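Note that the structure is predicted; figures quoted are calculated from it, not measured. The analysis underlying the following values was restricted to heavy atoms, covering all of them including side chains, and did not include hydrogens, waters or symmetry mates.
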There are 2 protein chains.
Amino acid sequence: MQYHKRRIKRTLAVQLDAVDISRTASASSVIYEALRRAIIEGRIAAGAPLRQDEIARQFNASRIPVREALMRLEELGLVRTQRYKGSVVAGLSADEAAEIFDFRLLIEPEVMRRAVPRMTPSDLSAARGACEAFAASKDPMQWGDLNRALHAALYQPSALPYHLEMLGNAMDRIDRYLRAQLLMSDGMARASAEHAGILAACEAGDAPRAAELVHAHIAGARASFLEHLPGLVAGAAR
Amino acid sequence: MQYHKRRIKRTLAVQLDAVDISRTASASSVIYEALRRAIIEGRIAAGAPLRQDEIARQFNASRIPVREALMRLEELGLVRTQRYKGSVVAGLSADEAAEIFDFRLLIEPEVMRRAVPRMTPSDLSAARGACEAFAASKDPMQWGDLNRALHAALYQPSALPYHLEMLGNAMDRIDRYLRAQLLMSDGMARASAEHAGILAACEAGDAPRAAELVHAHIAGARASFLEHLPGLVAGAAR
DNA sequence: TCTAGCAATTTTGGATCCAATATGCAATAT
DNA sequence: ATATTGCATATTGGATCCAAAATTGCTAGA
């Protein structure tokens with residue numbers, strides 16, 4: 001009967017295209033994602049206050065899920081909260097931004113190195129697609145997503161989920177500043193060229209070279225960031 | 001008057017040893033810290049359910065601050081929550097634990113290297129104190145705190161708060177397993193000896209050597225962990 | 001005119017209450 | 001006898017309500 005049960009279940013699943021309903025979004029996670037994206041993309045400026053009431057109204061919800069979302073954002077480092085004073089969007093000082101680049105310089109080349117030997121042809125074609133989409137994009141607003149997609153395609157095969165989680169947090173914190181930097185320099189063209197080089201090394205199966213190019217890519221972004229944007233992080237709002 | 005005001009404040013602060021009252025603990029942060037410690041120290045087993053009602057009763061509070069604490073712990077990766085089913089303590093598979101060791105191997109040597117040239121005599125004496133306290137300790141229950149104190153003393157001078165934050169998260173996740181490992185082998189003696197070596201390199205101002213010893217220290221712990229504890233992470237409770 | 005002090009408003013933290021969902025158990029049908 | 005269904009209880013997610021603290025605006029006084 002065990003077999004019988006499974007057969008029926010599987011048949012139904014195919015017929016219904018069932019989804020795991022216990023993983024559907026709660027109000028608090030919807031609000032969390034929306035706030036996270038708005039902060040990452042810089043649509044809410046660093047230092048701006050996040051009023052619970054106002055956010056709750058916008059989502060037609062009570063303040064409870066808003067507060068839960070703010071707690072999670074605080075733990076991510078995207079928001080700072082003072083008791084009875086409320087939450088504000090966290091910014092980065094120039095030092096903090098530089099430190100996050102340093103962090104990426106430690107992690108990403110190693111992740112790249114370990115991903116290359118595990119890449120399947122479909123991984124590579126996904127990466128090429130992401131790379132081309134990034135190069136073709138003219139809209140700086142979707143640059144963040146495209147860059148994330150490229151990173152995911154390149155790094156996912158490493159099978160290092162913890163490293164990717166930590167990297168995701170680092171990217172969340174500097175995304176805003178990276179985008180600004182890309183706009184203010186020849187960053188877009190250079191980044192695309194460097195991406196192509198990294199991808200070529202991956203396709204050649206040359207892990208050390210890919211890691212080295214990733215390092216150079218990030219180091220270049222770090223230098224360009226520190227050079228071009230002395231005033232960008234002024235209102236860091238600690 | 002700006003100046004006048006500030007002068008008074010600072011004088012009072014010195015007299016009263018005043019603390020920033022806006023940072024005093026809220027119910028949710030008290031519960032958060034208590035749960036975090038209980039999980040880190042392994043007093044609540046991986047996979048154990050965390051009932052909101054029960055926790056609220058223990059702290060004489062409502063479920064609201066409990067839920068906020070659980071949200072934060074979820075973001076830290078110490079807890080896993082399913083909608084309408086509740087939260088359970090997150091465990092680590094052997095692979096996940098190994099990956100966290102790899103992460104530490106990337107971060108800690110570099111942090112050590114950058115801390116050494118910035119260490120003051122008082123930093124060094126604090127580190128020596130922490131090192132001796134660790135070596136002298138026989139109680140495995142306070143080992144976690146002592147190890148954290150030693151790390152803080154050694155790494156704090158690096159002035160890399162982001163790296164230390166990420167490292168803190170990594171330590172939170174493996175503390176339980178590290179403690180178990182220390183008990184089941186000659187880990188305690190070996191760790192103390194290795195700590196002494198690292199400290200000596202710091203006192204000699206030999207940053208590359210200190211970094212190298214830190215690397216060896218973690219690599220040894222990783223190997224010992226994977227060797228001695230194939231069954232320890234069985235009930236990983238994903 | 002400027003500032004200290006006080007009341008009114010706003011905003012947050014937390015408690016209580018209600019609805020939605022899960023879980024365990026008994027009853028029933030095959 | 002076993003598997004399915006219906007019901008009671010337990011548990012979570014969210015809304016509403018209340019108290020504490022912060023902020024704002026006003027008034028009085030120098």
Protein heavy-atom contacts under 4.0 Å, written 5' to 3' over nucleotides 13-20 of chain D as B (base), S (sugar-phosphate only) or - (none), form the string BBBB----
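Listed by first and then second residue, the side chain to side chain donor-acceptor pair (under 3.5 Å) pairs involving residues 150-160 of chain A are A:E108-A:Y155 (not counting sequence neighbours).
A donor atom on one side chain and an acceptor atom on the other are not found under 3.5 Å apart for B:S125 and B:S122. A:D95 and B:Y162 share no donor-acceptor pair across their side chains, judged by distance under 3.5 Å alone.
Relative orientation of the A:F101 and A:F225 rings is tilted, given thresholds of 30° and 60° on the angle between their planes.
B:L167 pairs with exactly one of B:L160, B:I107, B:D172 by the side-chain contact (heavy atoms from CB on, under 4.5 Å) rule, that one being B:I107.
The residue B:I31 sits apart from the nucleic acid: no heavy atom pair falls under 4.0 Å.
When rounded to the nearest whole Å, the span between CG of A:D53 and P of D:dT23 equals 17 Å.
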